[in-house]
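Shown next, in structure tokens, is the structure this report addresses.
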Number of protein chains: 2
Amino acid sequence: MNKEALFSIPLPTIRRFPAYLRLLKDFENAGESWVSATRLAEDLRLKPIQVRKDMSCTGVEGKPKVGFEVHELIMAIEHHLGWDNATDAILIGAGNLGNALVGYKGFANYGLRIVAILDNDKKKIGTTVYGVTVQSMEHLEETVVRLGVNIAVLTVPAEVAQEVAEMVVAAGIKGIWNFVPKNLTLPEDIIVQRTDLATSFAELSSRIKKSIEEKSRTKRSLQN
Amino acid sequence: MNKEALFSIPLPTIRRFPAYLRLLKDFENAGESWVSATRLAEDLRLKPIQVRKDMSCTGVEGKPKVGFEVHELIMAIEHHLGWDNATDAILIGAGNLGNALVGYKGFANYGLRIVAILDNDKKKIGTTVYGVTVQSMEHLEETVVRLGVNIAVLTVPAEVAQEVAEMVVAAGIKGIWNFVPKNLTLPEDIIVQRTDLATSFAELSSRIKKSIEEKSRTKRSLQN
DNA sequence: TAGATTGTTAATCGATTAACAATC
DNA sequence: TAGATTGTTAATCGATTAACAATC
């Protein structure tokens with residue numbers, strides 16, 4: 001057994017795991033049972049050495065000249081992410097984004113299952129989103145307790161995000177996946193994961209800006 | 001003028017810029033014209049020293065004991081992100097996620113404007129999403145050229161993502177914001193920004209897993 | 001003024017990358 | 001076998017953090 005797996009896995013590696021997972025499942029579906037770090041690196045545009053480091057975090061041992069067993073890697077990565085057991089979650093806010101997330105098939109691959117949807121809007125309560133009925137926020141605590149859910153996905157308007165987050169925590173939720181572009185102030189032991197479109201767009205913007213600047217610089221130097 | 005701003009800004013700083021921007025705008029709306037790094041750090045749960053470093057990247061100079069001028073910071077950050085001029089983009093794939101993105105009001109704050117929606121589904125073509133009419137994919141190249149758009153937002157099914165991406169590139173698009181959980185293989189000079197729900201959920205999963213492990217460890221050591 | 005806050009230089013920390021022996 | 005690939009140790013790189021003088 002690889003010793004490194006016993007230490008905590010670096011965050012950048014954790015963040016690369018899902019991409020590996022998707023690719024490995026493609027290989028599995030294609031009937032390939034072995035894959036080399038070189039091959040993974042090529043397909044994901046990473047460096048082979050980085051892939052090998054990442055793979056060493058999974059605890060899976062490879063065979064020189066052959067590579068790694070695809071299925072073993074899949075199992076190991078899913079285990080390290082806790083994706084081998086389905087995690088139930090409730091979703092608050094049946095707006096556009098909320099509905100999109102409920103309908104997002106990819107979640108099945110992450111072991112995430114949205115088992116209840118809650119909203120305050122009377123027009124939405126009672127309607128069905130991808131087979132899940134929207135409930136009144138009044139049922140929040142009862143639902144959390146009855147279903148034994150630990151995670152809430154938050155897709156409410158920014159104005160009420162803090163208030164709703166506090167209700168959710170009061171109901172017993174331990175982790176919040178926050179899609180609202182707003183920082184939540186919550187007790188330290190509550191895990192808040194923010195998915196912020198702005199962060200990703202900021203990265204794209206700055207890359208485009210840089211690329212434009214580089215082009216105009218090249219043009220200028222050609223003119224001289 | 002601060003010299004550091006002339007060098008390229010570290011990616012982690014770029015990624016923190018949107019959060020600063022939101023908070024600064026809150027302060028501006030509240031009528032506050034000065035803010036200290038200490039205060040920003042507190043609200044965003046960062047360390048003051050990190051905020052000062054980040055602020056130094058904006059090129060804005062602060063005043064000892066007072067802090068930074070809110071409006072000046074807003075302008076500087078928006079400028080560095082290229083958010084001071086509206087950027088037009090087209091969106092391909094009028095599914096749930098696509099519609100959610102078109103309706104996402106926050107984009108106005110990023111200077112992102114979705115000026116056209118394209119889809120292959122005949123049932124969707126001609127319908128209106130938040131005031132923008134869905135067009136046939138046949139109009140792709142014409143639309144890109146006519147509107148002079150450089151960015152495409154991709155929210156199509158994974159199976160067709162590669163194919164659509166190639167069409168989009170052929171039509172003249174320079175940057176792709178890819179919401180499809182699939183790696184695209186495209187020419188090197190095309191900027192692809194991937195927003196991957198799985199990456200964010202992987203982070204949440206591993207944090208929850210770690211927190212559960214820590215709790216059970218504490219419990220065990222208390223029993224001894 | 002006294003003290004809070006800035007800005008810069010240097011130290012630390014952690015991730016990536018290089019180098020290379022081990023191995024199938 | 002020869003050579004591709006793994007796994008580990010050490011070097012490098014870049015971001016975060018510490019320390020502290022400057023300043024309003």
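Every chain is numbered from 1 and lettered A, B, ... according to where its sequence line falls, protein lines coming before strand lines. Since the model is a prediction, treat every value here as computed from it, not as a measurement.
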> In whole angstroms, how far is the C1' atom of C:dT17 from the CG atom of A:D54?
Replying inline: 13 Å
> For DNA chain C, which residues in residues 42-51 of chain A have a heavy atom at a distance below 4.0 Å?
Replying inline: A:K47, A:I49, A:Q50
>> Are more than 12 heavy atoms, taken from residues, nucleotides or ligands other than A:K25, located less than 6.0 Å from that residue's NZ atom?
In response: yes
> Can you name the ring-ring contact (aromatic ring centres under 6.0 Å, His included) partners of A:Y110, sequence neighbours left out?
Replying inline: A:W83, A:F107
> Tell me, which of residues 22-37 of chain B have any heavy atom that sits under 4.0 Å from an atom in DNA chain C?
Replying inline: B:S36, B:A37
>> Considering every strand and a 4.0 Å limit on heavy-atom distances, what is the contact class for A:K65: base, sugar-phosphate, or nothing?
In response: base
>> Looking at B:R22 and B:D26, is any side-chain nitrogen of the basic one under 4.0 Å from a carboxylate oxygen of the acidic one?
In response: no
>> Working note: A:F179 + A:L101, criterion side chain to side chain contact (heavy atoms under 4.5 Å, CB included); need CA distance, chi angles, decisive distance, verdict.
In response: CA-CA 10 Å; A:F179 284 86; A:L101 293 180; 3.5 Å; yes
> What pair of heavy atoms forms the shortest contact from A:A158 to A:K182, and how long is it?
Replying inline: O-CD, 3.3 Å
>> What is the distance, to the nearest angstrom, from the CE atom on B:M55 to the C1' atom on C:dT8?
In response: 17 Å
> Looking at the side chain of A:R52, which of C:dA15, C:dT16, D:dT8 is the nearest nucleotide?
Replying inline: D:dT8
>> Could you tell me how far apart B:R15 (CZ) and D:dT16 (P) are, to the nearest whole angstrom?
In response: 11 Å
>> Over all strands shown, is A:R39 touching base, sugar-phosphate only, or nothing at heavy-atom distances under 4.0 angstrom?
In response: nothing
> How would you list all residue pairs meeting ring-ring contact (aromatic ring centres under 6.0 Å, His included) that involve residues 21-60 of chain A, not counting sequence neighbours?
Replying inline: none
> Which distance, rounded to the nearest 0.5 Å, do you find between the CD of B:E61 and the CZ of B:F68?
Replying inline: 9.0 Å
> Looking at C:dT23, C:dT17, C:dA15, which one has an atom nearest to any side-chain atom of A:K53?
Replying inline: C:dT17
>> Can you list every stem that DNA chain C is part of, counting only runs of 3 or more consecutive Watson-Crick or G-U wobble pairs with both distances under 3.5 Å?
In response: C:3-24 with D:3-24
> Roughly, in whole Å, what's the span from CD1 in A:I9 to P in C:dG14?
Replying inline: 16 Å
>> Distance check needed: D:dT23 P versus B:E61 CD, whole Å only.
In response: 11 Å
> Which nucleotide in the list D:dA15, D:dT6, C:dT5 gets nearest to the side chain of A:F68?
Replying inline: D:dT6
> So among B:N150, B:I151, B:L140, B:V168, which one has a side-chain contact (heavy atoms from CB on, under 4.5 Å) with B:I173?
Replying inline: B:V168
> Of the non-hydrogen atoms in B:A171 and B:E141, which two are nearest, and what is the gap between them?
Replying inline: CB-CA, 3.8 Å
> ring-ring contact (aromatic ring centres under 6.0 Å, His included): which pairs involve residues 147-170 of chain B, sequence neighbours left out?
Replying inline: none
> What is the distance, rounded to the nearest whole Å, between atom CZ of B:R16 and atom C1' of D:dT17?
Replying inline: 12 Å
